[in-house]
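Down below is the structure, laid out as structure tokens.
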2 protein chains.
Amino acid sequence: MKIHKRQVIDVALALLDEQGLSELQMRAVASRLDVQASALYWHVRNKGELLTLMAAHFYNAALTSVPDGLAWREWLLTYGKALRGSLLGHRDSAQLCAIAKPLDEDAAAATDILTRPLVLAGLSRHVALSYQSSVISLVLGWCIYEQSEVLHDYLARVIGFDESFTTGLTAMVTGFP
Amino acid sequence: MKIHKRQVIDVALALLDEQGLSELQMRAVASRLDVQASALYWHVRNKGELLTLMAAHFYNAALTSVPDGLAWREWLLTYGKALRGSLLGHRDSAQLCAIAKPLDEDAAAATDILTRPLVLAGLSRHVALSYQSSVISLVLGWCIYEQSEVLHDYLARVIGFDESFTTGLTAMVTGFP
DNA sequence: ACCTGAACACCGTTCAAGT
DNA sequence: ACCTGAACACCGTTCAAGT
């Protein structure tokens, strides 16, 4: 039975949600596709590339969900919340993003797409990339803790995740010069 | 030859710096101590605990380096920079923190130590923990990207790491209500 | 108490061979 | 072009046995 690259990614994402990152094995992905593990290597260079593609999925989902035409502070707020939402939509996604190497496709092109809305809203490329980096970093770091099995329950009790995240993100974005 | 838990951690940290996280294997750590890999399991429950202890080392180094008596905004700024400095002092340290589970010692006690300086500076425990979480998240996320082999060179060219990080951290801390 | 030596289970990856 | 089947190297971990 023929399988496609897209299916490999989708099955891997489903497996991640159900079993977590530690149980995301090539054999497990293959088994869900009724295929041998070695078959995956026709579609994907190695496990690292699969993780990269999965991470790209999280980033893309956030980016495309933000509407056009926002002022840059609004855009950064909306994007930050969207990225957190995208990550929290899957299990262990932030850890995955932390260990996945970014796509080796031209980094310049990637950051170009990422900063375009901000540049259109009037920021210079340099400032846009700088602000964007801070927002993404905050979200990634935050979700790593929020998704941590050990910390989650305790932190959820003493701080409200939603409320505290919004406070931090808002502080940063309104604090930008 | 007898070895001690501290040596295991120190050797692991040295190995991390030289070879990176992917080459941090129990056998490699043991070999440096002229000991069999199985001997490590007398001192450490498993590799996960070793990673946890290494991560705790990074967090502790930052915390103890911040002087007493600062106003809370100053404290957060100093701590944020210190934590980034501590992480950048070792290779792949942010990735390590992202995958290491926190110490299973009482989470309440741990956050207590972390927020004490802020509480002494006049913040409520709730607000202190909330702000602290945002700062730590920003630093962790930031260092993950800064230490990424693939991204580092490109990002270093288009943004200044030091300058952009300071911008983001300062914006957040001054933006806190 | 602390370490050795050998073993086990598991996992990513390769590759010749099939269709 | 795309998959199978078998194999290999490697790694975390266990455990009886030593001292």
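So that the names make sense, note that chain A is the first sequence line, chain B the second, and so on, each numbered from 1. Note that the structure is a prediction, hence the values are computed from the model and not measured.
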- Message: When you measure from the side chain of B:N46 to the backbone of B:E49, do you find a donor-acceptor pair of N or O atoms at a distance under 3.5 Å?
- Response: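 A pair under 3.5 Å: yes.
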
- Query: Is there a donor-acceptor pair under 3.5 Å between the side chain of A:E146 and the backbone N or O of A:F161?
  - Reply: no

What is the distance, rounded to the nearest whole Å, between atom [atom1] of [X] and atom [atom2] of [N]?
{"X": "B:R45", "N": "D:dC15", "atom1": "CZ", "atom2": "C1'", "result": "18 Å"}
{"X": "B:D34", "N": "C:dC2", "atom1": "CG", "atom2": "C1'", "result": "16 Å"}
{"X": "A:M26", "N": "C:dG12", "atom1": "CE", "atom2": "P", "result": "7 Å"}
{"X": "B:K2", "N": "C:dT4", "atom1": "NZ", "atom2": "C1'", "result": "16 Å"}
{"X": "A:E23", "N": "C:dC10", "atom1": "CD", "atom2": "P", "result": "11 Å"}
{"X": "B:Q7", "N": "C:dC3", "atom1": "CD", "atom2": "C1'", "result": "14 Å"}
{"X": "B:R27", "N": "C:dA7", "atom1": "CZ", "atom2": "P", "result": "13 Å"}
{"X": "B:L51", "N": "D:dT13", "atom1": "CG", "atom2": "P", "result": "9 Å"}

Minimum-distance nucleotide (side-chain atoms of [X] versus [options]):
{"X": "B:A39", "options": "D:dT14, C:dC11, C:dC3", "result": "C:dC3"}
{"X": "A:Y41", "options": "C:dG12, C:dC2, D:dG12", "result": "C:dG12"}
{"X": "B:I3", "options": "C:dG5, C:dC3, C:dT13", "result": "C:dC3"}
{"X": "A:Q25", "options": "C:dG12, D:dT4, C:dT13", "result": "C:dG12"}
{"X": "B:Q36", "options": "C:dG5, D:dC2, C:dG12", "result": "C:dG5"}
{"X": "B:W42", "options": "D:dA7, C:dC2, C:dA7", "result": "C:dC2"}
{"X": "B:S38", "options": "D:dG12, C:dC15, C:dA6", "result": "C:dA6"}

- Query: Is there a side-chain polar atom (N or O) of A:H43 under 4.0 Å from OP1 or OP2 of D:dC3?
  - Reply: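 Affirmative; the distance criterion is met.
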
- The Watson-Crick or G-U wobble partner of C:dA9, with both key distances under 3.5 Å, is none

- Item | Counter-base of C:dT4, judged by Watson-Crick or G-U geometry with both distances under 3.5 Å | D:dA16

- OG1 on B:T167 to CD1 on B:I159, rounded to 0.5 Å: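 Spacing of CD1 (B:I159) from OG1 (B:T167) equals 9.5 Å.
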
- Task: Mind running salt bridge (Lys or Arg N to Asp or Glu O under 4.0 Å) on A:D162 and A:K81 for me, showing each step along the way?
- Result: CA-CA 10 Å; A:D162 290 348; A:K81 290 174 185 176; over 6 Å; no

- Evaluate the criterion side-chain contact (heavy atoms from CB on, under 4.5 Å) for residue pair B:S133 and A:Y145; output intermediate values, then yes/no. CA-CA 9 Å; B:S133 300; A:Y145 293 117; over 6 Å; no

